[in-house]
Enquirer: 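Mind having a look at this structure? Questions to follow.
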Amino acid sequence: LAGAHQIISLIKELRESTSSILIIGHNPAMLDLVNIFSNSKINNYPSCSLSEIIVESSWKDLSLKKCKLKSFIQPEEL
């Protein structure tokens, strides 16, 4: 039941040796995270959707300006 900002706080605590992470969660947090991290505005984040976000900074210096939505896959696209 963590909100987007709680998840972002946890991400910032990751070791720098961690190269990638997988976050599994529920709405509204997942929709909020994608919209916070991307320049796109996604209006709907259906159950079982997958987003790939590229972070171009260290975890502790996570800057929303250095994140990019690489892909957004909805269940009907699989």
Side-chain angles (χ1 to χ4, degrees):
L1 297 175
H5 293 289
Q6 290 171 296
I7 296 170
I8 291 168
S9 293
L10 291 172
I11 293 170
K12 287 183 173 186
E13 294 177 11
L14 293 172
R15 293 183 194 142
E16 290 306 313
S17 60
T18 304
S19 61
S20 61
I21 60 172
L22 174 66
I23 300 170
I24 300 171
H26 294 277
N27 280 323
M30 299 309 292
L31 174 65
D32 291 344
L33 270 177
V34 171
N35 284 328
I36 288 170
F37 282 123
S38 70
N39 292 328
S40 305
K41 182 67 176 168
I42 296 172
N43 295 319
N44 186 26
Y45 200 95
S47 295
C48 300
S49 293
L50 173 70
S51 300
E52 183 179 7
I53 298 172
I54 304 298
V55 178
E56 297 176 348
S57 66
S58 67
W59 298 119
K60 68 180 177 182
D61 297 325
L62 187 62
S63 169
L64 305 182
K65 294 178 182 175
K66 295 186 177 183
C67 299
K68 184 171 79 172
L69 181 62
K70 182 176 178 183
S71 61
F72 176 60
I73 303 169
Q74 297 180 50
E76 63 268 10
E77 297 172 327
L78 298 175

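Quick caveat: nothing in here was measured; it's all calculated off a predicted structure. Count residues from 1 along the sequence.
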Enquirer: What's the shortest heavy-atom distance between Asn44 and Phe72, and which atoms?
Expert: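 Looking at all heavy atoms of both residues, the shortest contact is O-CZ, 3.7 Å.
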Enquirer: What pair of heavy atoms forms the shortest contact from Lys60 to Glu16, and how long is it?
Expert: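 That would be N-OE2, 3.5 Å.
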Enquirer: Say whether Leu14 and Ile53 are linked into one hydrophobic cluster, either directly or through other cluster members, by side-chain heavy-atom distances under 4.5 angstrom.
Expert: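 Yes; tracing contacts between hydrophobic side chains, which count when under 4.5 Å, links both residues.
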Enquirer: Please check: side-chain N/O of Gln6 versus main-chain N/O of Gly3, any donor-acceptor pairing under 3.5 Å?
Expert: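 Yes, because the side chain of Gln6 sits within donor-acceptor range (under 3.5 Å) of the backbone of Gly3.
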Enquirer: Between Leu62 and Cys67, does a side-chain contact (heavy atoms from CB on, under 4.5 Å) hold up when you go through it step by step?
Expert: CA-CA 8 Å; Leu62 187 62; Cys67 299; 4.0 Å; yes
Enquirer: Just so I know, are the side chains of Ser71 and Ser51 near enough to count as touching, which here means a heavy-atom distance under 4.5 Å?
Expert: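 A side-chain contact is absent here, since even the closest heavy-atom pair is not under 4.5 Å.
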Enquirer: Which hydrophobic side chains are connected to Leu78, either touching it within the sub-4.5 Å cutoff or through other members that do?
Expert: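 Direct or chained contacts put Leu78 with Leu50, Ile73.
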Enquirer: Atom OG in Ser49, atom CD in Glu76: separation rounded to 0.5 Å?
Expert: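 The distance works out to 7.5 Å.
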Enquirer: Give me the atom names and distance for the closest heavy-atom approach of Pro75 to Ser47.
Expert: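 So the minimum-distance heavy-atom pair works out to CG-O, 3.0 Å.
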Enquirer: Sequence neighbours excluded and cut-off under 3.5 Å, please list the side-chain donor-acceptor pairs for residues 18-35, or say none.
Expert:
{"from": "Thr18", "atom 1": "OG1", "to": "Arg15", "atom 2": "O", "distance (Å)": "3.2"}
{"from": "Asn27", "atom 1": "OD1", "to": "Leu31", "atom 2": "N", "distance (Å)": "3.1"}
{"from": "Asn27", "atom 1": "ND2", "to": "Tyr45", "atom 2": "O", "distance (Å)": "2.6"}
{"from": "Asn35", "atom 1": "OD1", "to": "Ile42", "atom 2": "N", "distance (Å)": "2.7"}
{"from": "Asn35", "atom 1": "ND2", "to": "Leu31", "atom 2": "O", "distance (Å)": "3.4"}
{"from": "Asn35", "atom 1": "ND2", "to": "Ile42", "atom 2": "O", "distance (Å)": "2.9"}

